[in-house]
K.L.:
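My structure is below; once you've seen it, I'll send some questions.
One-based numbering along the sequence shown. The figures that follow rest on heavy atoms only: side chains count, while hydrogens, waters and symmetry mates do not.
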Amino acid sequence: MITKPTLFILGAGASIPYGFPSGWELRNKICEAAQGIDAPIVLSLNTAIGVPCEDIIDFARRFKQSRLISIDTFLSKRPEYSRIGKTLIAYQLIPKELDYNFDNLNTDDDWYCALWNALASNARTVAELTENKIKIFTFNYDRSLERYLHTAIMNTFNVSEGEALDGLKHFDIQHVYGSLGVFGISDDYSKNIRAYSGLFDRNSVNVAIESLRVIPEARAEDSVFQKVQEAFVWADHVCFLGFGFDALNIQRLGFKGISQSQNGVHVKMNKNIVTSSFGKTRSEMEIAHAALFDSYNHFRTPVWDFAFEHRNLETLRNFAWLLT
């Protein structure tokens, strides 16, 4: 079990091993629509849910010519494109919510497996999973982690889907910018609940549009950001996996302003902070450190560790105490 209070903060790289795109890949797929009416993405969206072809093409061309990498960043500056942007995000991500991707992994970065084995260690019942001291905040829209854990709970402890769902709720996975729908075992569109399914139709898209919160719709004072700051205060260990360290996301996390006492609560001083850093340079990581923790002179010899070219699983293995 994870016995030390541990906070995980996940970015797009955390979902890549399970069939989901990086920010660059998502951008490139969406921008394919800029080719015009004959582009497969344009025809598919128009046929599936009736989005006007000209709207798709216009958005893709504007996004492509903005030269911005992140669709979230683009939508933060062009909120008039919010709905069509969410639709295109849903089009790219919903069909990838497939159990097949868990059972046919073409990766050596299956960190979900490492996490689950740590959570289940010494737990004899679903109820005992509550003894794990873990909080998870994700900047991703997909629900792959929920599905993975739900299936693992159900089969490890021989419980029903409903009982496994109750066990999953203990982990209280928070999607900072919303998700493709509230994770459930069956669809309830009136409550924005979607089962984990690659089915892309009008109902699934409408749920995703209602559930996603692009950057202009998410504010730093939102309760989810307050929760992640409270989790940071609570944690002994903090682990960033697959996180891109976007400047706005760093600002909204709000760790920079946390001092020795936060809202009357004493902040634990000896935090260990680690991150996967695949594709990042030392200079980029040093800038991220300064942006996140310039108040770190308040803390007693904190650890900020990163190993270059290490993906998620390698990071957990190099800092194995994260999972104990």
K.L.:
In this structure, would L98 and F200 fall into the same cluster of hydrophobic residues linked by side-chain contacts under 4.5 Å?
P.N.:
no
K.L.:
For a 4.5 angstrom cut-off between non-hydrogen side-chain atoms, does E97 reach F20?
P.N.:
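A side-chain contact under 4.5 Å exists here.
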K.L.:
Is it the case that the side chain of K135 and the backbone of I9 share a donor-acceptor pair, with hydrogens and angles ignored and the cut-off at 3.5 Å?
P.N.:
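It does not hold such a pair.
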K.L.:
Could you tell me how the ring of F243 sits relative to the ring of F245: parallel (under 30°), tilted (30 to 60°) or perpendicular (over 60°)?
P.N.:
perpendicular
K.L.:
Consider only side-chain N and O atoms of N318 and T315, and report whether a donor and an acceptor are under 3.5 Å apart.
P.N.:
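The answer is no; no qualifying pair exists.
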K.L.:
Distance check, rounded to the nearest 0.5 Å: N104 atom CG versus D99 atom CG?
P.N.:
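These two atoms lie 10.5 Å from each other.
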K.L.:
Test of understanding: clusters of I, L, V, M, F, W, Y form through side-chain heavy atoms closer than 4.5 Å, transitively. Do L75 and Y91 belong to the same one?
P.N.:
yes
K.L.:
Any side-chain heavy-atom pair from V182 and K191 closer than 4.5 angstrom?
P.N.:
no
K.L.:
Quick check: is L313 connected to I16 through a chain of hydrophobic side chains (ILVMFWY, heavy atoms under 4.5 Å apart)?
P.N.:
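Different hydrophobic clusters.
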K.L.:
Show your working on side-chain contact (heavy atoms from CB on, under 4.5 Å) between F157 and L129 and close with a plain yes or no.
P.N.:
CA-CA 11 Å; F157 297 107; L129 289 174; 4.0 Å; yes
K.L.:
Do I49 and N206 come within less than 4.5 Å of each other through their side chains, counting heavy atoms only?
P.N.:
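They are not in contact (no side-chain heavy atoms under 4.5 Å apart), so the answer is no.
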K.L.:
Is there a donor-acceptor pair closer than 3.5 Å between any side-chain N or O of R147 and the backbone N or O of A195?
P.N.:
no
K.L.:
Strictly distance-based, threshold 3.5 Å: is any side-chain N or O of W234 a donor or acceptor partner for the main-chain N or O of P5?
P.N.:
no
K.L.:
Give me the ring orientation class for F319 and W321: parallel if the planes are under 30° apart, tilted from 30 to 60°, perpendicular past 60°.
P.N.:
perpendicular
K.L.:
Step by step, work out the side-chain contact (heavy atoms from CB on, under 4.5 Å) result for V274 and N272.
P.N.:
CA-CA 7 Å; V274 302; N272 297 301; 5.5 Å; no
K.L.:
Tell me whether the centres of the aromatic rings in Y141 and Y177 are closer together than 6.0 Å.
P.N.:
no
K.L.:
Short question: side chain of T107, backbone of D109 - any donor-acceptor pair under 3.5 Å?
P.N.:
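The answer is yes, because a donor-acceptor pair under 3.5 Å joins these two groups.
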K.L.:
Looking at Y112, F171, F183, W116, which one forms a ring pair (Phe, Tyr, Trp, His ring centres under 6.0 Å) with Y148?
P.N.:
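Exactly one pass, corresponding to Y112.
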K.L.:
With a 4.5 Å limit on heavy-atom distance, are the side chains of V207 and S204 in contact?
P.N.:
no
K.L.:
Could you check whether any side-chain heavy atom of Q174 comes within less than 4.5 Å of a side-chain heavy atom of V228, counting everything from C-beta outward?
P.N.:
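No, side chains not in contact.
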K.L.:
Is there a donor-acceptor pair under 3.5 Å between the side chain of N46 and the backbone N or O of V42?
P.N.:
no
K.L.:
Mind telling me whether Y81 and F74 have parallel, tilted or perpendicular rings, with 30° and 60° as the class edges?
P.N.:
parallel
K.L.:
Does H150 reach the main-chain N or O of A164 with its side chain, forming a donor-acceptor pair under 3.5 Å?
P.N.:
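No; judged by distance alone, with no hydrogens or angles, the pair does not exist.
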K.L.:
Would you say that I185 contacts M154 through its side chain, given a criterion of any heavy-atom pair below 4.5 Å between the two side chains?
P.N.:
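The answer is no, as the side chains (C-beta and beyond) never meet within the 4.5 Å cut-off.
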K.L.:
Let me confirm one number: the CG-CD1 distance from L180 to I94, rounded to the nearest 0.5 Å.
P.N.:
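So the gap between those two atoms works out to 5.5 Å.
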K.L.:
Between the main-chain N or O of L248 and the side-chain N or O of D246, is there a donor-acceptor pair closer than 3.5 Å?
P.N.:
yes
K.L.:
Please tell me if the side chains of M1 and E128 come closer than 4.5 Å, counting only heavy atoms from C-beta onward.
P.N.:
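They are in side-chain contact.
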